[in-house]
Number of protein chains: 2
Amino acid sequence: MSHPKTISVDDAVVSCCAPLSDGAMSEIEAGDMAQIFGALSDPARLRMLSLIASQDEVCSCALEGPLGKSQPTISHHTRILLEAGLIIGEKRGRWMWWRVVPDRLKVVARILSV
Amino acid sequence: MSHPKTISVDDAVVSCCAPLSDGAMSEIEAGDMAQIFGALSDPARLRMLSLIASQDEVCSCALEGPLGKSQPTISHHTRILLEAGLIIGEKRGRWMWWRVVPDRLKVVARILSV
DNA sequence: CCAATACATTGACTGATGTCAATACTATGA
DNA sequence: TCATAGTATTGACATCAGTCAATGTATTGG
């Protein structure tokens with residue numbers, strides 16, 4: 001039910017993007033940004049993201065080996081990155097192909113500018 | 001014992017800085033970066049950081065009100081941001097003054113570039 | 001030295017999180 | 001239609017993380 005078949009980034013909307021020094025962050029924005037940073041706060045997910053970012057697309061099946069985690073754990077982590085809007089997935093055949101969402105990374109980087 | 005009197009950023013050393021797309025991230029670097037992102041993954045800490053970043057210096061006592069948290073909780077969060085190298089503190093009189101570490105924010109932003 | 005103040009630490013509790021075995025789902029190929 | 005393969009979901013468990021009351025520490029002012 002959660003995690004619908006049609007995969008999109010709309011789930012994780014971010015109020016958005018003002019640099020940290022632009023005055024006190026609202027509670028809404030803080031919550032949204034915290035979700036994104038939370039997705040980035042696990043070593044396995046960071047390595048996963050770097051593996052995906054290093055190539056155009058990466059299949060889920062190509063992540064188990066390098067990360068040394070079980071298949072359900074890989075699925076769990078891809079879902080968290082998806083819900084944070086950091087990756088997007090497309091199912092082709094039996095394989096799930098993942099790619100990063102550069103714009104979302106830019107949003108995060110912008111927050112940290114100054 | 002932990003959290004020594006002389007406050008520095010040396011605790012949280014980061015192997016450092018290559019963009020995500022520069023090949024698979026090492027386990028060491030992933031762990032270090034995950035610590036930093038973990039420090040950023042809480043709404044209270046993000047608002048705290050934005051409050052500090054919006055001014056030159058902010059006293060701990062000036063954080064309790066806006067964040068609506070108890071004094072021990074504020075102390076807990078400043079410590080986590082400190083250990084992540086994101087803020088630095090100086091005690092003057094009875095007050096603890098905090099400021100952000102721009103270079104550390106740049107390190108994080110660089111990771112997210114592409 | 002004493003009282004007050006600002007902050008840190010400890011201990012306890014609750015809720016979130018990472019992990020995997022077992023199982024269900026879905027698309028392919030025979 | 002059936003067996004297989006790639007993913008997703010569920011359930012259970014152990015650990016981590018956020019919170020605050022109570023207490024400790026250090027600095028100031030009297």
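Letters A, B, ... mirror the listed sequences (proteins, then strands); counts begin at 1.
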Hey, what else clusters with B:Ile80 if you join Ile, Leu, Val, Met, Phe, Trp, Tyr whenever side-chain heavy atoms sit under 4.5 Å?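 So far as hydrophobic clustering goes, B:Ile80 is joined with none.
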Which residues end up grouped with B:Trp97 if you chain together Ile, Leu, Val, Met, Phe, Trp and Tyr wherever their side-chain heavy atoms are less than 4.5 Å apart?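 In the cluster with B:Trp97 are B:Trp95.
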Roughly how far apart are [X] [atom1] and [Y] [atom2], rounded to 0.5 Å?
X	Y	atom1	atom2	result
B:Met96	B:Ile74	CE	CD1	14.0 Å
A:Leu86	A:Leu49	CG	CG	6.0 Å
A:Leu112	A:Ser21	CG	OG	11.0 Å
A:Arg104	A:Ile88	CZ	CD1	11.0 Å

Name each donor-acceptor pair under 3.5 Å that joins a side chain in residues 65-72 of chain A to protein atoms two or more places apart or in another chain, with its distance.
from	atom 1	to	atom 2	distance (Å)
A:Ser70	OG	A:Thr73	N	3.4
A:Ser70	OG	A:Thr73	OG1	3.0

Take the protein atom [atom1] of [X] and the nucleotide atom [atom2] of [N], then report the distance between them rounded to whole Å.
X	N	atom1	atom2	answer
B:Glu64	C:dT5	CD	C1'	12 Å
B:Glu90	D:dT27	CD	P	14 Å
A:Gln35	C:dA16	CD	P	14 Å
B:Phe37	D:dA17	CZ	C1'	19 Å
B:Glu83	D:dG18	CD	C1'	15 Å
A:Ile74	D:dA5	CD1	P	20 Å
B:Lys91	C:dA8	NZ	C1'	8 Å
B:Trp97	C:dA6	CH2	C1'	12 Å

Side-chain donor/acceptor pairs under 3.5 Å, residues 37-46 of chain A, sequence neighbours excluded:
from	atom 1	to	atom 2	distance (Å)
A:Ser41	OG	A:Gly38	O	2.7
A:Asp42	OD2	A:Ala44	N	2.9
A:Asp42	OD2	A:Arg45	N	3.2
A:Arg45	NE	A:Ala39	O	2.7
A:Arg45	NH1	A:His77	ND1	3.1
A:Arg45	NH2	A:Gly38	O	3.1

Under the side chain to side chain donor-acceptor pair (under 3.5 Å) test, residues paired with B:Ser60 that sit two or more places apart: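 In terms of side chain to side chain donor-acceptor pair (under 3.5 Å), with neighbours along the sequence ignored, B:Ser60 is linked to B:Trp98.
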Is there a side-chain contact between A:Arg79 and A:Glu83 in this structure, where contact means two heavy atoms from C-beta onward sitting under 4.5 Å apart?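 Yes. Closest side-chain heavy atoms under 4.5 Å.
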Using side-chain heavy atoms (C-beta onward) and a distance below 4.5 Å, is A:Asp32 in contact with A:Ile36?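 The answer is no; the side chains never approach within 4.5 Å.
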Nucleotides 28-30 of chain D: which of its N/O atoms have a protein N/O under 3.5 Å away?
none

Between protein and nucleotides 11-16 of chain D, what N or O pairs are separated by less than 3.5 Å?
none

Stepwise, does the side-chain contact (heavy atoms from CB on, under 4.5 Å) test hold for B:Met48 with B:Leu51? CA-CA 5 Å; B:Met48 181 179 278; B:Leu51 284 170; 5.6 Å; no
Rounding to 10°, can you tell me the angle the first-five-pair axis of the helix from C:dC1-D:dG30 to C:dA30-D:dT1 makes with its last-five-pair axis?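 What I find for the helix from C:dC1-D:dG30 to C:dA30-D:dT1 is an axis angle of 30°.
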Could you write out each protein N or O paired with an N or O of nucleotides 17-21 of chain C at a distance under 3.5 Å?
from	atom 1	to	atom 2	distance (Å)
C:dG18	OP1	A:Arg45	NH1	3.2
C:dG18	OP1	A:Arg45	NH2	2.7
C:dG18	OP2	A:Arg45	NH1	3.4
C:dT19	OP1	A:Lys69	NZ	2.5
C:dT19	OP2	A:His77	NE2	2.5
C:dC20	OP2	A:Ser70	N	3.0
C:dC20	OP2	A:Ser70	OG	3.1
C:dC20	OP2	A:Thr73	OG1	2.8

Please collect all salt bridge (charged side-chain N to carboxylate O under 4.0 Å, His left out) contacts where either partner lies in residues 46-62 of chain A, sequence neighbours excluded, each pair once.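 Only A:Arg47-B:Glu27, A:Glu57-A:Arg92, A:Glu57-A:Arg99 qualify under salt bridge (charged side-chain N to carboxylate O under 4.0 Å, His left out).
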